[in-house]
Colleague: 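Here it is, the structure in full.
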Amino acid sequence: MPVAHGHPEATPSSENMVVAERVYKRFGRLPVLQGIDLRVRRGEVMCVMGPSGSGKSTFLRCVNHLEKINAGRLWVDGQLMGYRQKGGKLYELHDREVAAQRRNIGMVFQNFNLFPHMSVLGNVVEAPLQARGRRGGTRSQIQQHALELLDRVGLANKARAYPRQLSGGQQQRVAIARALAMNPALMLFDEPTSALDPELVGDVLDVMRDLASEGMTMIVVTHEVGFAREVADSFVFMDEGVVVESGAPREVLGNPQHERTRSFLSKVL
Amino acid sequence: MPVAHGHPEATPSSENMVVAERVYKRFGRLPVLQGIDLRVRRGEVMCVMGPSGSGKSTFLRCVNHLEKINAGRLWVDGQLMGYRQKGGKLYELHDREVAAQRRNIGMVFQNFNLFPHMSVLGNVVEAPLQARGRRGGTRSQIQQHALELLDRVGLANKARAYPRQLSGGQQQRVAIARALAMNPALMLFDEPTSALDPELVGDVLDVMRDLASEGMTMIVVTHEVGFAREVADSFVFMDEGVVVESGAPREVLGNPQHERTRSFLSKVL
Amino acid sequence: MTDAGGTVGTADGPPPEEIRAIPVRHPGRWLAALVCMVLAAQFVHMLLTNPAFQWDFMFDNMFTEPVLIGVRTTLLLTVLAMLIGIVLGILAAVMRLSGNPVLATLAWLYTWVFRAVPRLVLAVLFGNIAILYGTIEFGIPFDHYWMPLLGLEGEARIFGIETRTYLRGFTAGLLALALSEGAYMAEIVRAGLQSVDRGQTEAAQALGLRRSTILRRITLPQALRVIIPPTGNETVAMLKDTALVAYVPVTTELFFQLNNIGARTFNLFPMLVAACLWYLAITSLFMIGQYFLERSFHQGERGTTVPTN
Amino acid sequence: MTDAGGTVGTADGPPPEEIRAIPVRHPGRWLAALVCMVLAAQFVHMLLTNPAFQWDFMFDNMFTEPVLIGVRTTLLLTVLAMLIGIVLGILAAVMRLSGNPVLATLAWLYTWVFRAVPRLVLAVLFGNIAILYGTIEFGIPFDHYWMPLLGLEGEARIFGIETRTYLRGFTAGLLALALSEGAYMAEIVRAGLQSVDRGQTEAAQALGLRRSTILRRITLPQALRVIIPPTGNETVAMLKDTALVAYVPVTTELFFQLNNIGARTFNLFPMLVAACLWYLAITSLFMIGQYFLERSFHQGERGTTVPTN
Amino acid sequence: GNGEDAEEPEAPEVEADEELAAMVPDEFREAEEFVVGVNAEYPPGEFLDDDQETIVGFNVDLFDAVADKLDLDVRWENAPFDNIIIGVDSGEYDAGVSSFTINEDRLEQVNMVSYFTVGTQWFTRSGNPDDVDPDNACGLNIAVETATVQVEDLEARSEECVEAGEEEISIEEFPSQENANETVVSGVNHAGLADMPVVAYAVELTDGQLETLGEQYEAAPYGAVVHEDQDELAEAIRAGYEAIIEDGVYDEVLDEWDVTEGAITEPQVNPDLDE
Ligand SMILES: Nc1ncnc2c1ncn2[C@@H]1O[C@H](COP(=O)(O)OP(=O)(O)OP(=O)(O)O)[C@@H](O)[C@H]1O
Ligand SMILES: Nc1ncnc2c1ncn2[C@@H]1O[C@H](COP(=O)(O)OP(=O)(O)OP(=O)(O)O)[C@@H](O)[C@H]1O
Ligand SMILES: [Mg+2]
Ligand SMILES: [Mg+2]
């Protein structure tokens, strides 16, 4: 797989779902992302690994514009995230437009972030109901879809429960159903299984595998080496805000080129 | 290992750190623990596994009296937790006495529960400083000890940071250091590594291994099969509020007798 | 140690008897409670036997028609002023947190000025607005200055409201109270919004919800848990501050009416007690409402209580 | 699909130029801001040109010695009443959440009664406590009833305080305000404590901290984030409510002094403005204090802002 | 009174009269001071001097003279109007002197000693821009202090208006006289009415913003208030007023404050108002 270097004038080709070009991100003085170049093709499942603090979560948050990047460019589905480029100048997008872009991207957080004041079903139908004007679908259709999603993650019987009545594992599964409810074109997973019981990890990975086979593009930050090996089309190892090594999962996992990758993987495997 | 059945008149022998006798716990109408009988010897490391909702966390919370059990008895270090038995009657202990009992037990939560308004060091020294009158030790000694503990979990350089400035993995390690700060006789871990980066899991398990070799008694709810196999002296599989199977880790993990254990382990391994 | 496995077992047979432990005794607490109760009993006893209260006179006068009209006015003013105040407060709080410096400054100025100015003064001001502006006029501002500069004559005003006619009485009083309340509510709503974990906003953003929707559906409902109790305070305080509209003047107001009876007859004390009883009754009403509101918003929340052991 | 790996790369060379995007325009917002600013400008212009204000007269009278003494009394009363009120409020809130039904009921009764009774009435009552009790006496209660039953004569009272001598003036006014404030603070503190995640209490309990320590070190400090803004409100409201001690009477009080100048000279309006200016100044002082307090308690917190995009 | 200030009249010196002093009940004679409640916001009857402490006014000077006669050491305590009656009731104050008009209802609650009469006077903005006629005020907004005799006066007039088929008078009641004055100055209300001396003083001090309207009418007595159980004290105070009327101090005071129209000759305890 060829590694693409600085190509500031490149436009995102239609075969790529995500294109990151030299993405920099600082928090105050702390540099967190230091020039990420990365492409995710349509239907591709990309797994990201890396030590704590390497910027994996931050990168995902940049992809759906929860964080504004400081330099570089980020396209999702051919659209520049958060900006409109016109005559060499960048214009911030209106709240409405950013929201529309984000609706195309589902995200599952490390710490769930379920809405505690809504039932499980309420959590899942919230976004589709709010966007109903644009997408159509009656309330009961949306609910039906939500119940199907809950069934898929094994929680159909918990639709009326409130998040706090669920165990950690159950909460994370609701979060996944919620993210899927908008039928996004791209899914971002930030350690989706780290809070799940091992028994249920398999179920969730099955759901994700299904998604992949239905053509869903996914970026998955995970330390499930098994999943990466089986499901991922590409594998990225990050450290200190840069992509250290990337390629087909079997190659990188089986024969890491970099010292840092090697030492990390030796502890994980 | 012989399985001990209902022995209501038994007194806790001094070789046992934890003795649970037919412990029942309900939440409202929902039965969560349905008669747990269990002994943990001094210096023993017990690993507990089980599907989500099986009552593992609830059992740990009963051990240090965060939840009051509905029936049965629970001794830690020879003391009945939360009660004083006198003439066939149970008297609730005073807040002060319960606190003293708990100081003997360290607990690491599934979701960290660090104090967000205190620095990392502040989190670790809080309990020892508050108990100073009883245990002695100057403020600087306590701080010194806290810094050593932070060093042990690889976070000496984060002593002045606030919890929110840490990644999830770092937060959990602080929580472990905090629980160790009171030099407890018993440590309860509720999925201590589930939020840790795989790279760091090893370090933490090393710390726990050290603790074990220093004679620390531990109950560890975990899905790290490797850890259970290597470090645990005994292994318990729970489901639906009862102990389904128990014994030496290698035996249970290698050759589970019960159908439920088998199906669970097949997914985990 | 590695050879010492634990002894575990699964229970069978009927469960052992339920634990019914004798609770910890807190003699100090009970003593304090006893003292409080004796004090309260003595107080009630004094109320009933003290001639200063003149219960007959009080009951004769506390349900007369003007007083009942006063109750209505007071209730109406309280509810309306609070409603307008809450809307203003949400607006100001959102402006304050919007990150937009102009809006934030405006909201801050509003909060600053309207919290500092006493309601009494606002009532006097709004009752005497004519002292400041004879008419409130709509048009292009500062016409007296720029029209002559352009060589124009006359006034660039489109229409005017004779303040003396419209901005008086109930309306003026309501406006004074509502504007003041808005400034207080702004602080309360701000605290409420700030108490909601940022993860909630982020999750909502990630779902593609718009800013206004997030506020309406995610942050405000969760903030309510924190907003409701101080708002209850504000409502109870407002109930009694409506008495200040006497300075506008609005005289069909509860406290004014009762006080008036007292001043006319030199029998003030029983009328003050009557006012307290009315206020107690209305406050109880509000507190019941607050209880149900709080309960409905605590649904699904993981609240805290002071640890009981 | 399995054969289509991603294309990734590591950047080298200098970083690309910083993103400096043109922000979204919000013409509606700007218009609203403009309207507000024009209104404010007109208001200030009116202030300066309207003869009703009589600025000279105002400045001549707003810094006289009695007024300055009034400022001191008002400040002192506000600060002391708030301090006592906060302590009472914490006590009542903890009692309310203690799970002990007797304590909870007592706290609830206190909140109920003292929020409902207007401060004016409390001030009158505490100024005229003699109307209720001639002396406050300590001894065995209800002696008039049970002593005769036991065939005893006399009174079972140990010592008494002549209320008229001790409970008057400043002390009486302070007590009235503080007791009232305590009831309001109870609700605020309760909301604050309830906003702290229960996990915090559990973690502290698991560490073997005692109930009182948990309150002092863990829950209260985290509750402060939610408690401070409404307490700021209460302080600002109290600042102006100190005017009610005139009913005790305490006459060395700011508003009373200014009002009196107005009454004497038939020039009330400028004196009301003077009161506003004084209150604005003191409120600003409080707001600065609040700002720093809030900042220090937000340390390490993960607060929310209304999403800016 | 106040020493240096030349603006306000000085209170005359009065010697104690032992015979009168003997009429005062022991509890007051033995007390260190005789506390009188006053609402010092009603010039020239009673108000605060420039120093914001000393309470001055003709009611004050008159009672000071009475107290001197009775050999009582008066401490004036400034309090809101409402509070004075409660204070007298509770024993906080030994008496209340604050331009209290005597009426039947009040006599049921307290003892009142008459010592002065005041008429009602109308006033409006200078030049009477709204052409207010006190005898035909139908449909106008009239400002008045609450709980004064003038409220009843206006209520009667308003009823007449209604009977005559005209619009009723909009009676704007204010918690204090200065608030009422303020609204007449600002033009919010068309006119106001109050006790004569108060109006005269207001017209003088508002620099020509206000003017009187017509003549004063319908005199009502002012009374000093004491507790309903203190008949002896009331009698002593009555005798005190009588004594200062006899020795001319009374006229001297009224003269200095320029309110001689209200002088009476025969102070009474709880006078019969129907006379
Ligand atoms: N809002 C923020 N403000 C300041 N620093 C931040 C913020 N968010 C993240 N950081 C810092 O950025 C760095 C990268 O954080 P990030 O959460 O992206 O790491 P990560 O790779 O996801 O780690 P983990 O595996 O522990 O989740 C860390 O050093 C973190 O402390
Ligand atoms: N405070 C509570 N109130 C009501 N039900 C509760 C409460 N705490 C736990 N439960 C319920 O008790 C059951 C056991 O919960 P527990 O947290 O002990 O399970 P667990 O084995 O730790 O699961 P996990 O692996 O998901 O953490 C669950 O069904 C849960 O919903
Ligand atoms: Mg992360
Ligand atoms: Mg658990």
Side-chain angles (χ1 to χ4, degrees), chain B residues 1-8 15-16 18-24 34-46 65-66 68-73 82-84 86 89-95 97-98 212-213 215 219 231-236 242-249 251, chain C residues 1-33 97 190-206 219 222-223 225-226 295-296 298-309:
Chain B
M1 213 71 21
V3 171
H5 284 278
H7 39 110
E15 68 165 0
N16 289 320
V18 180
V19 177
E21 270 183 20
R22 309 186 73 196
V23 170
Y24 283 77
Q34 306 202 63
I36 302 282
D37 266 320
L38 189 145
R39 291 175 174 228
V40 184
R41 317 246 295 256
R42 282 180 196 284
E44 177 178 332
V45 176
M46 177 181 276
H65 204 56
L66 280 180
K68 289 184 181 168
I69 60 180
N70 293 107
R73 292 287 184 279
Y83 301 100
R84 189 194 335 273
K86 227 160 84 182
K89 275 191 179 154
L90 283 184
Y91 294 83
E92 286 184 3
L93 289 185
H94 193 277
D95 171 45
E97 298 162 311
V98 176
S213 69
I219 307 182
V231 179
D233 303 306
S234 60
F235 180 89
V236 169
V242 297
V243 173
V244 174
E245 193 164 354
S246 64
E251 288 171 25
Chain C
M1 216 164 292
T2 44
D3 61 349
T7 315
V8 289
T10 308
D12 54 10
E17 62 172 334
E18 290 275 302
I19 291 182
R20 296 197 200 291
I22 290 120
V24 182
R25 293 189 200 292
H26 296 281
R29 251 189 228 170
W30 283 99
L31 203 74
L97 297 175
R190 181 172 69 88
L193 289 177
Q194 283 179 330
S195 78
V196 180
D197 189 85
R198 202 171 60 197
Q200 291 291 314
T201 306
E202 285 177 356
Q205 284 178 300
T219 34
Q222 290 185 64
R225 204 170 41 103
V226 165
R295 218 181 48 170
S296 78
H298 269 282
Q299 226 176 17
E301 286 285 329
R302 199 177 141 90
T304 197
T305 54
V306 170
T308 49
N309 230 336

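Bear in mind the structure is a predicted one, so any value in this text is a computation, not a measurement. Below, chains carry the letters A, B, ... as their sequence lines are ordered, and counting in each starts from 1.
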Colleague: Check side-chain contact (heavy atoms from CB on, under 4.5 Å) between C/Val226 and all other residues, then give those that pass, not counting sequence neighbours.
Modeller: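 C/Val226 satisfies side-chain contact (heavy atoms from CB on, under 4.5 Å) with C/Ser195, D/Ser195, D/Val226 once adjacent residues are dropped.
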
Colleague: Closest heavy-atom contact between B/Glu92 and C/Val24?
Modeller: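 Distance-wise, the nearest heavy atoms are O-CG2, 3.4 Å.
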
Colleague: Once rounded to the nearest 0.5 Å, what's the spacing between atom CD of C/Glu18 and atom CD1 of B/Ile69?
Modeller: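 The CD1 atom of B/Ile69 is 10.5 Å from CD of C/Glu18, to the nearest 0.5 Å.
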
Colleague: Pick one of side chain, backbone, both or neither for B/Arg84, based on which atoms fall under 4.5 Å of a heavy atom in chain C.
Modeller: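 No part of it gets close to chain C.
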
Colleague: Between B/Lys68 and C/Ile19, does the side chain to side chain contact (heavy atoms under 4.5 Å, CB included) criterion hold? Intermediate values first, please.
Modeller: CA-CA 9 Å; B/Lys68 289 184 181 168; C/Ile19 291 182; over 6 Å; no

Colleague: Quick check on the interface: out of B/Pro249, B/Gly82, B/Ala71, who has the most heavy-atom pairs with chain C under 4.5 Å?
Modeller: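 Top option by heavy-atom pairs under 4.5 Å: B/Ala71.
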
Colleague: Can you tell which of B/Val45, B/Val18, B/Val23, B/Asn70 has the highest number of heavy-atom pairs within less than 4.5 Å of chain C?
Modeller: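 Most heavy-atom pairs under 4.5 Å with chain C: B/Asn70.
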
Colleague: Would you say C/Arg20 and B/Leu90 make side-chain contact, with heavy atoms under 4.5 Å?
Modeller: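 The answer is no, as the side chains (C-beta and beyond) never meet within the 4.5 Å cut-off.
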
Colleague: Which atom names give the shortest non-hydrogen contact between B/Tyr24 and C/Pro16, and what distance separates them?
Modeller: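 Shortest heavy-atom separation between B/Tyr24 and C/Pro16 comes out as CE1-CD, 3.4 Å.
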
Colleague: Of the backbone (N, CA, C, O) and the side chain (C-beta and beyond), which part of B/Tyr83 lies under 4.5 Å from a heavy atom of chain C, both, or neither?
Modeller: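 Only the side chain of B/Tyr83 comes within 4.5 Å of chain C.
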
